[in-house]
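Naming convention: chains lettered A, B, ... in sequence-line order (proteins, then strands); numbering from 1 in each chain.
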Protein chains: 2
Amino acid sequence: MTLAEENYLKAIYHLEQQFKKGVSTNALAEEMKTKASSATDMIKKLAEKNMLTHIPYQGATLSDAGRDYAVKVIRRHRLWEVFLVEKLNFSWDEVHEVAEHLEHINSDKLVNELDAFLGFPTYDPHGDPIPDKEGNFTYIEKIVLAKAEVGITYKCIGVDDTSSKFLKYLDSNNIGLGTIIKILYKEPFDNSIKLGLGKVEIVVSQSVAKNLYLKKV
Amino acid sequence: MTLAEENYLKAIYHLEQQFKKGVSTNALAEEMKTKASSATDMIKKLAEKNMLTHIPYQGATLSDAGRDYAVKVIRRHRLWEVFLVEKLNFSWDEVHEVAEHLEHINSDKLVNELDAFLGFPTYDPHGDPIPDKEGNFTYIEKIVLAKAEVGITYKCIGVDDTSSKFLKYLDSNNIGLGTIIKILYKEPFDNSIKLGLGKVEIVVSQSVAKNLYLKKV
DNA sequence: ATTATAATTTAGGCAAATCTAAAAATATGT
DNA sequence: ACATATTTTTAGATTTGCCTAAATTATAAT
Ligand SMILES: [Mn+2]
Ligand SMILES: [Mn+2]
Ligand SMILES: [Mn+2]
Ligand SMILES: [Mn+2]
């Protein structure tokens, strides 16, 4: 598997999870920030390698082998992210880019020893679960802030958008994994939400609310 | 700089050091396990990028920029090797291949934080010096076993060949960095050498003797 | 000083991954 | 149902890094 193939597999996996159906050429091209024709080429190549099935003009669906491979790459990515934050003083908004490269280094010993060295972490710095050696996730129920209920107190357990911009915004408002958040008010006009963070009250926009995951506490 | 360019730069650097003169196309091709025509192509490309100067039919010589870049890649390679041995339980014969990939991840923060995390090591698991942030090596005088004197006691401080085969051979004879070695006898017939390792005496061939570095103790 | 040998470069091609532009298939609106 | 819009695929180029085979230049031997 080449670097490009691995990145495509990961993208297809994420889109499949997100939309629970076959992945369209356009969606894949957009995710990969490339052109539809390139996505078509790669879909053909991955189909050839039995990593997915593809019906022309329909969409692509990962095979078991393809899904396993994607999960393997995701495991590497997230373990490296933990390493960067825990051991090398990276902040959660700096890790993604570097992990995007580290994830392609293909050595089982490397990954499994890294896992052990980090104490077998189950979540990455963005709250995403880390698959174990066998590819099993520890799934946790998460509620998106946009759908949280007024009056209830939650804990922040993850983010959807892992862009540096968004994560720095959260930092500047003292929101991170583990932060306790009480829903004070939902503004029907623009779907903004007033939150209580300890003694501080802040209002966040809908685009923030759609990218923050919580669980009841 | 692409992955291929980085590997070529490193190879040219090593050959320049070794032979103290311009690097020939054939030597480079051999080092890179590729064909002379490919070496020519890459030499042109690197000359175009001002990483080296090249006179056709003569040889290639790194520019300052080229040498700096090569040293940077070597720094990354050796730091990762230390990481793998010190933190991830790799043995010295397992690190080279993985470091060959890790060395291409280009993030100053990553490398410098890794350096700090490892406690600013000055030598890698094979006894090779690790350049610092500014590219300065701490050079140490080393004597190749083949030229060591009978009756003198030395300490093993490095290896030339870092292949798994050779390193495993050394392991099986309890020779590693720091091992104290006394030269007992040099056989003129085949240039083999009898060594004293503590109470044990072993005979090593010339090809071993040319790949082991010592210093007087 | 030729001739033979070795080293180096050029010419031409191939595979991977990308692109633009055009064609084909599918979906949508009235 | 039929025209229009959207999505997807194909066709043809491009770049990078590599290859083989042939031509060129340099070196060594007689
Ligand atoms: Mn990646
Ligand atoms: Mn993450
Ligand atoms: Mn390398
Ligand atoms: Mn080394």
Side-chain angles (χ1 to χ4, degrees), chain A residues 1-13 15-16 18-62 66 69-70 73 100-101 103-106, chain B residues 1-13 15-16 18-62 66 69-70 73 100-101 103-106:
Chain A
M1 287 288 133
T2 67
L3 189 142
E5 287 168 349
E6 289 188 348
N7 283 332
Y8 271 95
L9 270 186
K10 217 177 42 156
I12 296 165
Y13 177 89
L15 291 169
E16 239 179 17
Q18 199 176 337
F19 300 110
K20 312 283 184 194
K21 56 165 188 161
V23 174
S24 78
T25 302
N26 262 5
L28 180 55
E30 191 185 0
E31 177 83 10
M32 292 298 297
K33 298 185 200 314
T34 183
K35 298 301 154 72
S37 54
S38 301
T40 300
D41 287 347
M42 187 55 87
I43 286 170
K44 277 183 184 165
K45 203 179 157 199
L46 291 172
E48 194 63 42
K49 292 195 175 190
N50 296 311
M51 289 290 147
L52 51 80
T53 54
H54 179 234
I55 307 159
Y57 292 98
Q58 306 287 106
T61 310
L62 289 178
Y69 202 105
V73 178
E100 202 55 50
H101 293 98
E103 72 186 358
H104 301 291
I105 292 165
N106 189 359
Chain B
M1 287 289 131
T2 66
L3 189 143
E5 287 167 350
E6 289 188 348
N7 283 333
Y8 270 95
L9 273 185
K10 216 176 41 155
I12 295 166
Y13 177 89
L15 291 169
E16 239 180 18
Q18 200 176 337
F19 300 110
K20 312 283 183 196
K21 56 165 188 162
V23 174
S24 77
T25 302
N26 261 5
L28 181 55
E30 191 186 1
E31 177 83 10
M32 292 298 296
K33 296 183 203 313
T34 182
K35 298 301 154 75
S37 54
S38 301
T40 300
D41 286 348
M42 187 55 87
I43 285 170
K44 277 183 185 164
K45 203 177 157 199
L46 291 172
E48 194 62 42
K49 292 194 174 189
N50 296 312
M51 290 289 147
L52 52 80
T53 54
H54 179 233
I55 307 159
Y57 292 98
Q58 306 289 103
T61 310
L62 289 179
Y69 202 105
V73 178
E100 203 55 51
H101 296 284
E103 73 186 357
H104 300 291
I105 291 165
N106 188 1

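- Nucleotide dA13(D) holds its P atom 16 Å from the CG atom of Asp41(A), rounded to whole Å.
- Side-chain atoms of Ser37(A) stay outside donor-acceptor range of the base of dT8(D), with no qualifying N/O pair under 3.5 Å.
- Contact annotation: Thr40(A) reaches the phosphate of dT9(D) (side-chain N/O to OP1 or OP2, under 4.0 Å).
- Atom CD1 of Ile43(A) and atom OG1 of Thr25(A) lie 4.0 Å apart (nearest 0.5 Å).
- Contact check for Asn7(A) versus Glu103(A): side-chain heavy atoms found under the 4.5 Å cut-off.
- Atom CG in Asn7(A) sits about 14 Å away from atom C1' in dT18(C), given to the nearest Å.
- At a threshold of 4.0 angstrom between heavy atoms, the contacts of Ala36(A) include nucleobase atoms, whether or not backbone atoms are also involved.
- Counting any heavy atom pair closer than 4.0 Å across all strands shown, Ser24(B) reaches sugar-phosphate atoms only and no base atom.
- Distances shown here put every side-chain N or O of Lys44(A) at or beyond 4.0 Å from the OP1 or OP2 atom of dT9(D).
- At whole-Å resolution of the value, CD in Gln58(A) and P in dT26(C) are 8 Å apart.
- Between Ile43(B) and Thr2(A), the residue anchored closer to the 5' end of DNA chain C is Ile43(B), taking for each the nucleotide with the nearest heavy atom.
- The distance between atom CD of Glu30(A) and atom C1' of dT8(D), rounded to the nearest whole Å, is 15 Å.
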Could you walk me through whether Leu9(B) and Val73(B) pass side-chain contact (heavy atoms from CB on, under 4.5 Å), step by step?
-> CA-CA 9 Å; Leu9(B) 273 185; Val73(B) 178; over 6 Å; no
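- Contact between the side-chain N/O atoms of Asn26(A) and the OP1/OP2 oxygens of dT6(D) is not found at any separation under 4.0 Å.
- Under 4.0 angstrom from either OP1 or OP2 of dC18(D) there lies at least one side-chain N or O belonging to Tyr8(B).
- Dashed line: the shortest gap from a side-chain N or O of Lys35(A) to OP1 or OP2 of dT8(D) is not under 4.0 Å.
- Contacts of Thr25(A) with the nucleic acid, taken as non-hydrogen atoms under 4.0 Å apart, involve only primed sugar atoms and P, OP1 or OP2.
- Counting only heavy atoms from C-beta on, Thr34(A) has its side chain closest to dC19(C) among dT9(C), dC19(C), dC19(D).
- Using a 4.0 Å cut-off, no side-chain N or O of His54(A) falls inside it from OP1 or OP2 of dT8(D).
- Across the protein-nucleic acid pair, Met32(B) atom CE and dC18(D) atom P stand 7 Å apart, rounded to whole Å.
- The CE atom of Met42(A) sits 15 Å away from the P atom of dT9(D) (whole-angstrom rounding).
- Contact of the Tyr8(A) side chain with the Leu52(A) side chain is not registered, since no non-hydrogen atoms from C-beta on lie closer than 4.5 Å.
- Between the P atom of dT16(D) and the CD atom of Glu6(B) lies a distance of 16 Å, rounded to the nearest Å.
- The base of dT24(D) sits with one of its N or O atoms less than 3.5 Å from a complementary donor or acceptor on the side chain of Tyr57(B).
- Contact check for Leu46(A) versus Tyr69(A): no side-chain heavy atoms found under the 4.5 Å cut-off.
- Between the CD1 atom of Ile55(A) and the P atom of dA25(C) there is a distance of 17 Å, rounded to whole Å.
- For the side chain to side chain donor-acceptor pair (under 3.5 Å) with Lys10(B), the lone residue among Glu5(B), Glu100(B), Glu31(B) that qualifies is Glu100(B).
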